[in-house]
J.: 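Dropping a structure here in structure tokens format, bear with me for questions.
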Amino acid sequence: MARMQHTTGSPHPTHARRRISVCVACLFLALSGCVQPRPLQATYTPQPVEDLPLPVTTLEPTLPVFTPDAVPTLSPAPTDVAAALPPAGLQYRFLVALDYAGHTAAVTQGIRYTNDTGETLDTLPLLVEPNRRWGAFRLIELLDGQQQPIPSYRLEDALLSVPLEPALVPGETRDFFLTYELHPPEDDSWFAYTRRQFNLADWYPMLPPYLPDKGWIIKNPGTVGEHLAYAIADYSVEITLVGDTDVVLAASAPAEQTGDGFHYELRAGRNFAISASPDYVRLEAQAGQVQVYGYVYPEHQASGAEALRATADALQLYSELFSPYPHASISFVEADFPDGMEHQGLYWLTQFYFEHYTGTQASYLTTLAVHETAHQWWYGIVGNNQALEPWLDEALCTYTEQLYYEKRYPALVDWWWDYRVNTFLPTGYVNSTIYDHKDYRPYVNAVYLRGAQFLRDLRRTVGDEAFFAFLQAYPQRYHGQIASGEDFF
């Protein structure tokens with residue numbers, strides 16, 4: 001995620017298999033005091049919540065009505081959702097009726113889950129982030145694989161506890177179906193709408209990752225940073241526009257038009273994000289076999305072209321330095337909310353950077369475009385517990401900015417260190433959790449900027465050959481997994 005602050009003059013963001021030897025691990029704990037020694041932290045397993053049964057409706061399993069004037073019913077119903085799900089693993093299938101003018105969406109969701117925990121499960125936890133916002137989520141129906149209502153679920157805050165009767169044994173697969181409405185708030189966020197765009201990220205009930213001997217990764221938000229960890233899953237998404245159909249859609253995968261709707265397929269992704277606006281101008285480029293899309297407002301097409309170029313260029317470079325990019329496309333969206341935010345195959349970058357583009361690569365537009373692109377490796381390919389170890393993606397992405405300039409614009413490397421890092425005189429511990437900070441500036445200084453300094457010094461200590469070999473071994477070894485600081489070393 002990118003962070004910024006507005007100052008007089010130029011914009012400044014407040015942000016950002018070779019086994020390493022034991023001496024390098026010691027360096028991690030001692031290097032310039034940048035890392036705080038602390039015992040290894042186990043993944044939090046939530047305590048049982050109070051029983052809060054919700055009434056289950058007997059509505060037919062079709063999408064609900066938004067208004068008397070718009071009836072966004074979609075067919076097929078959940079039975080057909082089940083038929084389209086792949087046969088194994090964790091899969092999601094969505095039928096979405098998106099009402100841009102009404103700022104709402106109606107969803108039928110299918111989940112197919114194969115128990116790979118090694119444990120017998122009597123409850124399945126689903127994270128429902130929209131339910132943290134008052135009135136943003138309305139669950140209409142929850143059905144089992146036989147299309148029968150599940151009456152004893154609990155929905156409290158962002159946790160939907162689904163009882164499993166009978167219990168789910170290791171290796172067994174089970175289906176679930178949900179029908180719900182989304183009513184995002186008017187806000188500057190990636191789950192909200194503004195005058196010019198409608199954003200849906202972390203919008204659906206999702207299964208968190210499970211770590212052996214640690215349990216489900218379920219964390220509460222902090223005042224800074226991100227708190228979610230994402231399990232790898234396959235996604236099939238069908239979107240039908242309701243009412244005003246003169247809307248441009250950006251998403252985590254390329255679209256196939258299906259009559260009056262759009263179909264998306266994303267394999268082995270962390271999540272699926274959507275952004276819609278009638279004002280978007282779509283830009284396109286090619287990076288090898290990968291399609292690169294940019295969605296910007298008409299007044300920012302020139303600066304959008306630079307973000308497109310930088311994203312495509314970074315995608316090619318990182319595929320060489322780290323590992324090949326595993327998806328068919330990547331998109332960026334000019335955002336009405338501050339800063340930047342990464343999701344699988346799509347990132348947002350605030351319009352402030354497009355407005356203040358300097359016309360050169362010595363610009364935060366370029367810097368943060370390549371930062372957010374790096375998240376497709378450090379967050380996408382290699383996942384991490386963002387609440388407890390945010391440095392594993394943010395420090396790596398920040399230092400990857402430096403690698404981009406080093407390889408593509410070496411004359412700007414000193415500018416990058418001064419403008420991006422040194423001007424803030426960063427202090428703090430690299431391995432801070434999001435709960436260790438109450439304000440963004442100290443958090444970004446510690447995790448992002450001190451993190452970049454740490455990786456620079458780590459590289460100097462082990463040498464370029466070992467360091468760059470590590471940057472290739474790490475995503476290969478932990479592809480699709482949730483890695484820890486211990487894994488990093």
Side-chain angles (χ1 to χ4, degrees), residues 51-64 73-97 105-128 130-131 137-156 158-182 203-210 215-216 218 230-239 263-269 271-272:
D51 204 2
L52 187 63
L54 297 179
V56 177
T57 71
T58 57
L59 295 178
E60 289 299 315
T62 54
L63 293 179
T73 55
L74 280 183
S75 189
T79 299
D80 304 287
V81 173
L85 285 172
L90 174 60
Q91 290 90 24
Y92 299 103
R93 173 128 194 266
F94 302 91
L95 304 176
V96 181
V107 184
T108 296
Q109 176 181 352
I111 302 174
R112 174 164 289 166
Y113 172 63
T114 299
N115 181 2
D116 60 355
T117 66
E119 306 288 338
T120 297
L121 303 175
D122 57 12
T123 303
L124 203 63
L126 295 177
L127 302 182
V128 189
N131 207 49
F137 180 83
R138 186 171 80 90
L139 180 60
I140 295 173
E141 198 157 40
L142 173 61
L143 305 175
D144 63 18
Q146 286 71 49
Q147 307 292 307
Q148 298 302 308
I150 301 176
S152 55
Y153 64 80
R154 298 196 307 265
L155 178 58
E156 184 177 52
L159 181 61
L160 174 59
S161 299
V162 181
L164 300 175
E165 298 177 0
L168 190 65
V169 301
E172 183 183 357
T173 299
R174 201 164 293 178
D175 294 344
F176 306 90
F177 306 99
L178 305 94
T179 303
Y180 52 90
E181 289 179 347
L182 298 174
W203 52 276
Y204 51 87
M206 69 182 78
L207 193 71
Y210 183 92
W216 303 102
I218 300 175
Y230 300 94
I232 289 289
D234 293 338
Y235 294 81
S236 177
V237 183
E238 297 179 32
I239 301 176
H263 179 72
Y264 305 85
E265 294 282 341
L266 176 67
R267 301 299 178 191
N271 43 44
F272 195 94

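In this chain, residues are counted from 1 in sequence order.
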J.: Can you give me the closest heavy-atom contact between N271 and L266, atom names plus distance?
T.: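 Closest pair (atom of N271, atom of L266, distance): O-CD2, 3.4 Å.
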
J.: Of all residues at least two apart in sequence or in a different chain, which pass the salt bridge (charged side-chain N to carboxylate O under 4.0 Å, His left out) check with E265?
T.: R267

J.: Please walk me through it: do V107 and W203 pass side chain to side chain contact (heavy atoms under 4.5 Å, CB included)?
T.: CA-CA 10 Å; V107 184; W203 52 276; 4.1 Å; yes

J.: Assess the pair F137 and Y180: is the distance between their ring centroids shorter than 6.0 Å?
T.: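 Judged by ring-centre distance (under 6.0 Å), F137 and Y180 do meet the cut-off.
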
J.: I'd like to check the side chain to side chain donor-acceptor pair (under 3.5 Å) partners of T117; sequence neighbours left out, ordered by chain and number.
T.: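 With sequence neighbours excluded, T117 shows a side chain to side chain donor-acceptor pair (under 3.5 Å) to N115, given in chain and number order.
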
J.: Name all residues meeting the ring pair (Phe, Tyr, Trp, His ring centres under 6.0 Å) criterion together with F272; count only those two or more places apart in sequence or in a different chain, and write none if there are none.
T.: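 Testing F272 for ring pair (Phe, Tyr, Trp, His ring centres under 6.0 Å), a comparison that skips the adjacent residues, returns Y264.
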
J.: Determine whether L126 and F176 make a side-chain contact, defined as any pair of heavy atoms from C-beta on separated by less than 4.5 Å.
T.: no

J.: Please round to the nearest 0.5 Å and tell me the distance separating atom CD of E172 and atom OH of Y113.
T.: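 Going from the CD atom of E172 to the OH atom of Y113 covers 11.0 Å.
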
J.: Return the minimal non-hydrogen interatomic distance between P205 and I111, and the atom names on each side.
T.: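 For P205 versus I111, the nearest heavy atoms are O-CD1, 4.3 Å.
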
J.: Mind checking whether Y210 and W216 have parallel, tilted or perpendicular rings, split at 30° and 60°?
T.: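 Rings of Y210 and W216: perpendicular, over 60°.
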
J.: Indicate the atoms forming the closest heavy-atom contact of D144 with F177, along with that distance.
T.: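 In this case the closest contact between D144 and F177 is O-CD1, 3.4 Å.
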
J.: Can you tell me how far apart CG (L168) and CG (L124) are? Round to the nearest 0.5 Å.
T.: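 If we round to the nearest 0.5 Å, L168:CG and L124:CG are 7.5 Å apart.
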
J.: Would you compute the distance between atom CD of Q109 and atom OG1 of T179 and round it to the nearest 0.5 angstrom?
T.: 9.5 Å

J.: Say you draw a straight line from CD of Q148 to CG of L142; how long is it, rounded to the nearest 0.5 Å?
T.: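 Rounded to the nearest 0.5 Å, the CD-CG separation comes to 12.0 Å.
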
J.: Could you measure the distance from the OG1 atom of T123 to the CD atom of E165? Nearest 0.5 Å is fine.
T.: 9.0 Å

J.: Compare all side-chain heavy atoms of L160 with those of L178 and state whether any distance is below 4.5 angstrom.
T.: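 A side-chain contact exists here, since the closest heavy-atom pair is under 4.5 Å.
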
J.: Within the 4.5 Å heavy-atom criterion, are P170 and T120 side-chain neighbours or not?
T.: yes

J.: Given side chains that start at C-beta, do those of L159 and L127 come closer than 4.5 Å, heavy atoms only?
T.: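 SC-SC contact between L159 and L127 confirmed.
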
J.: Minimum heavy-atom separation for S152 and P163, please, with both atom names.
T.: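 Minimum heavy-atom contact is OG-CG, 3.2 Å.
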
J.: Report the relative orientation of the aromatic rings in Y235 and Y204; use parallel for angles under 30°, tilted for 30 to 60°, perpendicular for over 60°.
T.: perpendicular

J.: Short question: side chain of T173, backbone of T114 - any donor-acceptor pair under 3.5 Å?
T.: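 Not confirmed, T173 side chain does not pair with T114 backbone.
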
J.: Could you tell me whether the side chain of R174 reaches within less than 4.5 Å of the side chain of P166, counting heavy atoms only?
T.: yes

J.: Which atoms form the tightest heavy-atom contact between A268 and I232, and what is the distance?
T.: CA-CG2, 3.5 Å

J.: If we only count heavy atoms from C-beta on, is the S236 to Y92 side-chain gap below 4.5 Å?
T.: no

J.: Drop me the distance from L143's CG to I150's CD1, to the nearest 0.5 angstrom.
T.: 7.0 Å

J.: How close do P149 and E141 get, heavy atom to heavy atom, and via which atoms?
T.: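 Minimum heavy-atom contact is CG-OE2, 4.4 Å.
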
